[in-house]
Student: 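Before we start, here is the structure in question, set down as structure tokens.
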Number of protein chains: 2
Amino acid sequence: MSMPLEPRRRRPGRPSAGETPVDRATVLECAERLIRREGPTVSLEAIAAEAGVTKPIVYHHVGGKDAVVEGLAWRLNERHADAARDAVAGRRDPAAAIRAFVDAYLDGLERDRNLYLYVTGGGGSGGDPESVLRFADQSAAGLAERLAQLRGARTKKQRAAALPWAYGVIGMLHFVALWWLRTADRSRAELAEQLTDLLWTGLRGNRSSR
Amino acid sequence: MSMPLEPRRRRPGRPSAGETPVDRATVLECAERLIRREGPTVSLEAIAAEAGVTKPIVYHHVGGKDAVVEGLAWRLNERHADAARDAVAGRRDPAAAIRAFVDAYLDGLERDRNLYLYVTGGGGSGGDPESVLRFADQSAAGLAERLAQLRGARTKKQRAAALPWAYGVIGMLHFVALWWLRTADRSRAELAEQLTDLLWTGLRGNRSSR
DNA sequence: GATGAAATATACCGGGGGTAGATAAATTCA
DNA sequence: TGAATTTATCTACCCCCGGTATATTTCATC
């Protein structure tokens, strides 16, 4: 959680000795700050302005809107993955671990709401359904790994299921998240409990057989 | 599955006695046909042209891009819901019912691929994350009902979980669908099997307790 | 100082959704 | 019969956004 960098300079020309020119990190930092403040529908031009710079610079350093979305998604995923890891760490009971994971997810969602919407929405426009999927890609492989070991997958057949499961879990959390952000009809703890129940016991619930 | 109506007329002026003017259903029919043929990124203008008409007409009869998406989503959902109901009908074993449901979903996805992408992607642009959620809204309530009875939810607390579960299931299927459309690395039957496993037994799998 | 390199700005293009205002045909009525 | 009205549509435009070609400014070097 670094202090957002102030825009450095708006003046063309080669930078003098002490100056640091605008770079990719600066642009993304400013983009994030603006999205937090203004919401998920900000334009590339607005992001550029926030960085004290114009559009082609954003294009030059980061590489177009998709790249901005992907860059921010990456940072966001890193943070959330860290938080999730910390939350889950050391829990022996798998159900408790899942619950902690879900809770960490919802916590991150509340903290980074606008950013999350920007990143999953492909930046408010231009969205193939591909953009949200690219967001999922960044965490799917890692999650699949965890799921496989949680489930104790040994056979090749079992392990092959892990990847679609990971996308499934991500999609489930994502949709519930969007719905919850809109309705806000229950507490985070309640929702986490309900999701954990579904994730852990499935639709079968606590029935014994089959 | 009606025969797509041919474009009626491109001429302004009040229609003569026998003529039927362009209406909402015609526009949506042509939109669907075009999307099937050209893919999910078609523009409103292209849709209008397919209907032998211009943009303001689409706006007049249907009401803007969001309304087109919503209208098509509605039709698609109806068809898929019917198919799912038929597939599930009469199955006693809940796991088999879920499997049939998942399989019907994947079948519909393959049949209506472009349309599905258009509708869930908010039409290739302009998308809040809200648009995909509005698509989910159309089936969430009904699905929640089924899930509640499948799980045998009695208490108020249990029933309160049904709605987020429904969104969760929809989101799970949706994400897996997008991923599967892209990778296409396994058969539909395999994927249905894997998804059914996750949905029915959850991450717990077949462990006995907790 | 001239030259070149680095960093950025200006100004434009194309496309998409949305909309105001003009237009054309058929019915209705003096 | 011919004007007014109603109905259905088209033409032309606006604005915003992402993307890009080109000009410009500043510093370092020779």
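The figures that follow rest on heavy atoms only: side chains count, while hydrogens, waters and symmetry mates do not. Below, chains carry the letters A, B, ... as their sequence lines are ordered, and counting in each starts from 1.
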Student: Between B:R75 and B:D112, does any NZ, NE, NH1 or NH2 come within less than 4.0 Å of an OD or OE carboxylate oxygen?
Tutor: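 B:R75 and B:D112: not salt-bridged.
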
Student: Of the listed nucleotides (C:dG17, C:dA9, D:dC17), which one gets closest to any side-chain atom of B:L44?
Tutor: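 Nearest to the side-chain atoms of B:L44, counting from C-beta on, is C:dG17.
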
Student: If I take atom CG in residue B:D23 and atom P in nucleotide D:dA8, what distance separates them, rounded to the nearest angstrom?
Tutor: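 It is 10 Å, rounded to the nearest whole Å.
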
Student: Can you measure B:H60 atom NE2 to C:dT19 atom P for me and round it to whole angstrom units?
Tutor: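 Distance check: B:H60 NE2 to C:dT19 P gives 14 Å.
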
Student: Nearest 0.5 Å, what's the CD1-CG distance between B:I98 and B:L198?
Tutor: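 The CG atom of B:L198 is 10.5 Å from CD1 of B:I98, to the nearest 0.5 Å.
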
Student: Could you name each residue pair satisfying salt bridge (Lys or Arg N to Asp or Glu O under 4.0 Å) that touches residues 183-194 of chain B, not counting sequence neighbours?
Tutor: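 Listed once each, the pairs are B:R99-B:E193, B:D103-B:R188, B:D107-B:R188, B:E110-B:R188.
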
Student: For residues A:V58 and A:A48, report the shortest heavy-atom separation together with the two atoms involved.
Tutor: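 Taking A:V58 first and A:A48 second, the nearest heavy atoms are CG2-CB, 3.7 Å.
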
Student: Under 3.5 Å, which donor-acceptor pairs do the side chains of residues 161-176 of chain B form with other protein atoms, sequence neighbours left out?
Tutor:
unit_1	atom_1	unit_2	atom_2	d
B:W165	NE1	A:Q194	O	2.9
B:Y167	OH	B:D137	OD1	2.4
B:H174	ND1	B:Y116	OH	2.6

Student: CG of A:L178 to CG of B:L133: how many Å apart, nearest 0.5 Å?
Tutor: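 A:L178 CG to B:L133 CG: 5.5 Å, rounded to 0.5 Å.
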
Student: For nucleotides 20-22 of chain D, tabulate all protein N/O to nucleotide N/O atom pairs closer than 3.5 Å, reporting atom names and distance.
Tutor:
unit_1	atom_1	unit_2	atom_2	d
D:dT20	OP2	A:Y59	OH	2.1

Student: In this structure, how many angstroms lie between the P atom of D:dC17 and the CD1 atom of A:I47, rounded?
Tutor: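 Distance check: A:I47 CD1 to D:dC17 P gives 11 Å.
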
Student: On a heavy-atom basis, which atom in B:A73 and which in B:F135 lie closest, and how many Å separate them?
Tutor: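 Here B:A73 and B:F135 meet closest at CB-CD1, 3.7 Å.
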
Student: Is the closest basic N to carboxylate O distance between B:R36 and B:E50 below 4.0 Å?
Tutor: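 Not counted as a salt bridge, because no side-chain N and carboxylate O are separated by less than 4.0 Å.
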
Student: Which pairs count as ring-ring contact (aromatic ring centres under 6.0 Å, His included) when at least one residue sits in residues 12-60 of chain A, sequence neighbours excluded?
Tutor: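 Matches after skipping sequence neighbours: none remain.
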
Student: Would A:R79 and A:D82 pass as an ion pair if we require N to O under 4.0 Å?
Tutor: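 Result for this pair is no, no salt bridge flagged.
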
Student: To the nearest angstrom, how far is A:I57 atom CD1 from C:dA6 atom C1'?
Tutor: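 Result: 11 Å.
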
Student: For the pair made of CZ in A:R24 and C1' in C:dA7, what is the distance, rounded to whole Å?
Tutor: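 It is 19 Å, rounded to the nearest whole Å.
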
Student: Distance check needed: D:dG19 C1' versus A:K65 NZ, whole Å only.
Tutor: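 It is 12 Å, rounded to the nearest whole Å.
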
Student: Tell me whether the side-chain N/O atoms of B:H61 come closer than 4.0 Å to OP1 or OP2 in D:dT9.
Tutor: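 For D:dT9, OP1 or OP2 has a side-chain N or O of B:H61 closer than 4.0 Å.
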
Student: Under 3.5 Å, is there a donor-acceptor pair between the B:R134 and B:T120 side chains?
Tutor: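 The answer is no; no qualifying pair exists.
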
Student: Measure the angle between the two terminal helix axes of the helix from C:dG1-D:dC30 to C:dA30-D:dT1, five base pairs each, and quote it to 10°.
Tutor: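 Its terminal axes enclose an angle near 40°.
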
Student: Side chain of B:T54: nearest nucleotide among C:dT8, D:dG18, D:dT11?
Tutor: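 Among the listed nucleotides, the one closest to the side chain of B:T54 is D:dT11.
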
Student: Can you tell me how far P of D:dC16 sits from CD of A:E45, to the nearest Å?
Tutor: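 So the CD-P distance, A:E45 to D:dC16, works out to 10 Å.
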
Student: Restricting to nitrogen or oxygen on both sides, can you table the protein-nucleotides 24-27 of chain D pairs closer than 3.5 Å?
Tutor:
unit_1	atom_1	unit_2	atom_2	d
D:dT25	O2	A:G13	N	3.1
D:dT26	O2	A:R14	N	2.9
D:dC27	O4'	A:R14	O	3.4

